[in-house]
K.L.:
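The structure is given below, and queries will be raised subsequently.
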Number of protein chains: 2
Amino acid sequence: MRMDIHNADVPVLCRACEARHRGICGALDAPELLRLGRTSSRHEYGAGTTLVAAGERPEHCSNILSGVVKLSKLLPDGRQQVVELQFAPDFLGRPFGDESDVLVEAATDVRLCSFPLDMLQTMMAGSAAFETRMHRQALRQLDDARDWMMTLGRKNAAEKVASFLLMLSRHVRPQQEGYSTSFALPMGRSDIADFLGLTTETVSRQLTRLRKDGAIAIERTRHVEVLDLDELKEVAAGGT
Amino acid sequence: MRMDIHNADVPVLCRACEARHRGICGALDAPELLRLGRTSSRHEYGAGTTLVAAGERPEHCSNILSGVVKLSKLLPDGRQQVVELQFAPDFLGRPFGDESDVLVEAATDVRLCSFPLDMLQTMMAGSAAFETRMHRQALRQLDDARDWMMTLGRKNAAEKVASFLLMLSRHVRPQQEGYSTSFALPMGRSDIADFLGLTTETVSRQLTRLRKDGAIAIERTRHVEVLDLDELKEVAAGGT
DNA sequence: CGTTTGTTTGAGCCTTCTCAAAGGCTGTGG
DNA sequence: CCACAGCCTTTGAGAAGGCTCAAACAAACG
């Protein structure tokens, strides 16, 4: 937590909020925060909750305070592709209203700080710094999407799963650089499969392979311990 | 072409330029255009030219005046994934300097209108409308990337190739809504394969399948005629 | 506990890849 | 204008990685 000179003017809820430091609210000064704070509210959603249905235009947007949010796309016949995972303190919601057709769900239990979508336009119009933050997040998401295109299009099953674990180990522990060696998988095998363009069975087989090779340990199917980070990196990059 | 009241104040080169209407320059007024125009210059590059090497930080950014630009990512062992195709009048170049690791090449012969990267920052700082255009382009690119993740992760070879042709038929003929029924492929089979996460052989086989099914005709390997658009759409969506 | 849901493991099959060779363009030089 | 070289594309045959279907197992929940 950071000490601000104007901390006293900042809404109580915002004081300890990560979104104010690393998220989009960091671009706002105390009066702006106060204004935004009046229209915002916090909510919790259980794992699996649909936050925005595919094709729907949501009325609210949110900072993710904790948990993991899953964005996915659907094909008419039911095939699914997860197109992004968002972690705290990412911002959830799209400016300019030209929403594309994604399904937004809580992958884990999630806490959000939400406010009306029009406030987003208002804030962007009123603060160039705010728009810049939004813009930068979009560019970061674009980079992530492109990295994942590489993974989806050109890596084999082993490389995909290893890449996924590495990605998680970098994201799950917020605000800390580098890799965590121990973390919970934010979703089940079938969501992982939908993220990697594989089937649950193949994901499961690759995880057991990594386990038997001594690269990771798995406890109660949801918790991963990275035993050999270099091995994992090597597999992810196609070294084996 | 549009008639502007202040056309006379607009740099000569910009008057007939698509980028001024549908591209980012549309956000600039005559004085701003004039200022930008003084630092900009036009260049042509032959198909295959490397515009920005992977990992390099370019000094210029550009509007694409004509042609197709290919962005791709490389794996250490040489595998390649094309992560985006850009068409006129898209903008090429990244604000904020946190460039990600992509290789930029001319897919076809290309004409660019380039200016220094710092001008980009200057323009964004000076014009909120300009930053908004950049921001919107990033969001559009993000949508495209996500659509393609769906294609890469969950579609089979036939669906991928059909989706690719449909995408081209929408993009190749600029400024026009809907689908073109006749267009040139902007790249060879192996680049198409690298875009679709397939091999050249598989791309070739799927193209001949579509040809034998009467959905398309191919002339001299580079020109496609869409004979049955509905068929193509159906294949792309997994209808068959 | 028993039920339900999610995960792991196995066996066989199918799509796509790999490797190989033939066929078509394009451009150059005779 | 034709012949040839080089490159790209097409086609074929066989191998393999990942999928499908099916069953055993483990974990979560009432």
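Fair warning: this is a prediction, and the values are worked out from it, not measured in the lab. Every chain is numbered from 1 and lettered A, B, ... according to where its sequence line falls, protein lines coming before strand lines. Below, all heavy atoms of this structure are taken into account, side chains as well, without hydrogens, waters or symmetry copies.
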K.L.:
Could I get the full list of salt bridge (charged side-chain N to carboxylate O under 4.0 Å, His left out) partners for E105(B), not counting sequence neighbours?
P.N.:
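Per chain and number, E105(B) pairs via salt bridge (charged side-chain N to carboxylate O under 4.0 Å, His left out) with K70(B).
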
K.L.:
What is the distance from CD of E219(B) to C1' of dT10(D), rounded to the nearest Å?
P.N.:
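Distance check: E219(B) CD to dT10(D) C1' gives 17 Å.
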
K.L.:
Within the 4.5 Å heavy-atom criterion, are F164(B) and L85(B) side-chain neighbours or not?
P.N.:
yes

K.L.:
Sort out for me which residue in T181(A), L227(A), L232(A), T208(A) forms a side chain to side chain contact (heavy atoms under 4.5 Å, CB included) with I216(A).
P.N.:
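Of the listed residues T181(A), L227(A), L232(A), T208(A), the side chain to side chain contact (heavy atoms under 4.5 Å, CB included) partner of I216(A) is L232(A).
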
K.L.:
Are S41(A) and H43(A) close enough that a side-chain donor and a side-chain acceptor fall under 3.5 Å?
P.N.:
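Short answer, yes.
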
K.L.:
Does any residue of residues 68-85 of chain A have a heavy atom under 4.0 Å from DNA chain D, and if so, which ones, in number order?
P.N.:
none

K.L.:
Looking only at heavy atoms, which two atoms of A215(A) and E231(A) are closest? And how far apart?
P.N.:
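Scanning both residues completely, I find the closest heavy atoms to be CB-CG, 3.6 Å.
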
K.L.:
Detail all sub-3.5 Å separations between protein N/O atoms and N/O atoms belonging to nucleotides 16-21 of chain D.
P.N.:
residue: dG18(D); atom: OP1; partner: A157(A); partner atom: N; Å: 2.7
residue: dC19(D); atom: OP2; partner: T199(A); partner atom: N; Å: 3.4
residue: dC19(D); atom: OP2; partner: T199(A); partner atom: OG1; Å: 3.2
residue: dC19(D); atom: OP2; partner: T202(A); partner atom: OG1; Å: 2.5
residue: dT20(D); atom: O4; partner: R205(A); partner atom: NH2; Å: 3.1
residue: dC21(D); atom: N4; partner: E201(A); partner atom: OE2; Å: 3.0

K.L.:
Can we say D101(B) and K73(B) salt-bridge, meaning some charged N sits less than 4.0 Å from an Asp/Glu carboxylate O?
P.N.:
no

K.L.:
Can you check salt bridge (Lys or Arg N to Asp or Glu O under 4.0 Å) on R136(A) and D98(B), steps first, answer last?
P.N.:
CA-CA 9 Å; R136(A) 290 182 97 120; D98(B) 39 31; 3.5 Å; yes

K.L.:
A side-chain contact here means heavy atoms from C-beta on lying under 4.5 Å apart; do V161(B) and L207(B) qualify?
P.N.:
yes

K.L.:
Using side-chain hydrogen bond (donor to acceptor under 3.5 Å, both in side chains) as the criterion, list what pairs up with N63(B), not counting sequence neighbours.
P.N.:
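Result, side-chain hydrogen bond (donor to acceptor under 3.5 Å, both in side chains) vs N63(B): none returned.
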
K.L.:
What is the first contacted nucleotide of DNA chain C and what is the last, in 5' to 3' order, if contact means an atom lying under 4.0 angstrom from a heavy atom of chain B?
P.N.:
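The protein-touched segment is dT16(C) to dT26(C).
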
K.L.:
For nucleotides 25-30 of chain D, give me one character per nucleotide, 5' to 3': B if any protein heavy atom sits under 4.0 Å from the base, S if the only such contacts are to the sugar-phosphate, - if neither.
P.N.:
---S--

K.L.:
Taking 4.0 angstrom as the limit, do D144(A) and R140(A) come out as a salt bridge?
P.N.:
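Salt bridge flag = no for R140(A) with D144(A).
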
K.L.:
Is the number of heavy atoms from other residues, nucleotides or ligands within 6.0 Å of CZ (R57(B)) greater than 12?
P.N.:
no

